[in-house]
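Only one structure is covered here, and it is reproduced in the block below.
Worth saying up front: this structure is predicted, and the values here are computed from it rather than measured. Each ligand, and each atom within it, is numbered from 1 in the order the structure gives. This chain uses plain numbering: 1 for the first residue, then up along the sequence. The basis for the numbers below is simple: all heavy atoms, side chains too, and nothing from hydrogens, waters or symmetry mates.
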Amino acid sequence: MNAMRLSRSIVGEAEAQAVSRVITDIGYLGMGAEVQALETELAAYLGVRPEEVTCVNTGTAALHLATLAALPPGSDVLVPSLTYVASFQAIRMAGCEPVACDALLETGTLDLEDAEKRITERTKAVMPVHYASNPGDLDAVYAFAQKHGLRVIEDAAHAFGNTYKGKKIGSFGDIVCFSFDGIKNITCGEGGAIVSRDPAVNEIVRDARLLSVEHDTEKRYAGSRSWDFDVTRIGYRYHMSNIMAAIGRVQLPRLDREFAPARRNLARLYRAQLAHIPDIAFFRANLDEIVPHIQPVRVLNGKKNALTAHLESKGIPTGIHYKPNHLLSFFGHGRVSLPVTEQLASELTTLPLHPGLNDKDVLWICDEIKKGLTA
Ligand SMILES: *Cc1c(COP(=O)(O)O)cnc(C)c1O
């Protein structure tokens, strides 16, 4: 038996055939027709226009280009400390400053009251993170942004395929960034996408993924090259390849058919088995709307380390999502104190969750959690 994994890609023969088709039938591995097709299919899935979706090579690149396109350098961006370091690095890459904010105890998402206290004249955007796929009170985030004149860049890396009040995440709002890395709800191997309704943002990110060679995307999609062109701003090599897009095109229809029901079922089973245990607390989440990417739980009463040690000894991996960014040397060295985030960091442990697990696996994990807590 293979060792149990915390998370993993679910890919197989169909993805392998798609890659093989790009290599042997198409023979053009870079950015071309497959990427255009994936953007069109993502747009159809989300219910937006194809030109509103821009695929790039990572979710981090998506966040970087979104920040670059929306904000002048030197802007402050309000962002929860409880996120992957990708959010913080992406803001810095764009020459902006991530301002670490506290989280809500019930959801792990951005605490807007705390964020409001950190607004200055430099503050130009808020980057909510859909922690464990939960967008939290997104209406309140947009009302907050409107009140303070801020752009919204959603870090929706965990939230592809989710809805909010019945609307797909990415189908509304300002700028939404997805990740298609190996373990996210769908994968392209690596990958990401920027979805925006703002034509100015879309024009910049489309060019900036290709060194800001003007209109290179359109030329590549028409099967031609740019030999004579102009460049007017900074650009990067962040485009997606046809190989990556081919994997994504197979994964996309599998999401609602296979991955989403499997992830929701396992998440519901964890809750049914563990919700009544006094040492365990779950974040509030609406599993009818979210496709859970990870399964964090709070382990209360100082029992986290003993529990994770017990689980590891049984071959059950656990994870940490996340070490708070404000405690990292590059992002504040703990100079600000964010009490809820720090409490959550001391309690949170992530349990295995991916569609390669079955009910029996989760029942066993839950049994071992009960044993580990009473040992
Ligand atoms: C995965 C992730 C990212 C970055 O995505 P990559 O595709 O890995 O670069 C950003 N933010 C969060 C919260 C993530 O989980």
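Between the side chains of Glu312 and Thr318, at least one donor N or O sits under 3.5 Å from an acceptor N or O. No donor-acceptor contact under 3.5 angstrom links the side chains of Asn162 and Ser133, judged on distance only.
A donor-acceptor pair under 3.5 Å links the side-chain atoms of Lys304 to the main chain of Ala345, judged by distance alone. Asp361 contributes a side-chain N or O that, together with a main-chain N or O of Asn358, makes up a donor-acceptor pair within less than 3.5 Å.
Ranked by closest heavy atom to atom 1 (C) of ligand 1, the top entry among Lys184, Glu190, His321 is Lys184.
Not a single heavy atom of Ala62 sits under 4.0 Å from any atom of ligand 1.
Nearest protein neighbour of atom 8 (O) of ligand 1, counting heavy atoms only, is Asp181 OD2, 2.8 Å. For atom 5 (O) of ligand 1, the nearest non-hydrogen atom of the protein is Ser179 OG, 3.2 Å. Given atom 9 (O) of ligand 1, the protein heavy atom at minimum distance is Thr60 OG1, 2.6 Å. Protein heavy atom closest to atom 11 (N) of ligand 1, with residue, atom name and distance, is Asp155 OD2, 2.7 Å. The protein heavy-atom contact nearest to atom 15 (O) of ligand 1 is His158 NE2, 2.9 Å.
Under a 4.0 Å N-O distance rule, the pair Asp367/Lys371 does not qualify as a salt bridge. Between Lys219 and Glu214 there is no salt bridge, since no side-chain N of the basic residue sits under 4.0 Å from a carboxylate O of the acidic one. Using a 4.0 Å cut-off between a side-chain N of Lys or Arg and a carboxylate O of Asp or Glu, Asp216 and Arg225 do not qualify as a salt bridge.
Ligand 1 has no nitrogen or oxygen under 3.5 angstrom from a nitrogen or oxygen of Val129. Polar contact check, His293 against ligand 1: no nitrogen or oxygen pair lies under 3.5 Å apart. Checked by distance only, ligand 1 and Thr83 stay at 3.5 Å or farther apart across all their nitrogen or oxygen atoms.
Aromatic ring pairs are classed by plane angle as parallel below 30°, tilted from 30° to 60° and perpendicular above 60°; the pair Phe283 and Tyr131 is perpendicular.
Close approach of ligand 1 to Ala86 (heavy-atom distance below 4.0 Å) involves ligand atoms 3 (C), 4 (C), 10 (C). In the vicinity of Thr58, heavy-atom distances shorter than 4.0 Å reach the ligand 1 atoms 7 (O), 9 (O). Ligand-side atoms of ligand 1 in range of Gly191: 7 (O), range being under 4.0 angstrom from any heavy atom. With ligand atoms numbered from 1 in the order given, ligand 1 contributes 2 (C), 3 (C), 12 (C), 13 (C), 14 (C) to contacts under 4.0 Å with heavy atoms of Tyr84. The distance from ligand 1 to the heavy atoms of Tyr322 drops below 4.0 Å at these ligand atoms: 13 (C), 15 (O).
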For this session: Show your reasoning for whether ring pair (Phe, Tyr, Trp, His ring centres under 6.0 Å) applies to Tyr322 and Phe88.
Result: CA-CA 12 Å; Tyr322 294 95; Phe88 274 63; over 10 Å; no
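Residue contacts with ligand 1, taken as heavy atom pairs separated by less than 4.0 Å, do not involve Phe178 at all.
Surrounding CD of Glu203 are at most 12 heavy atoms belonging to other residues, nucleotides or ligands under 6.0 Å away.
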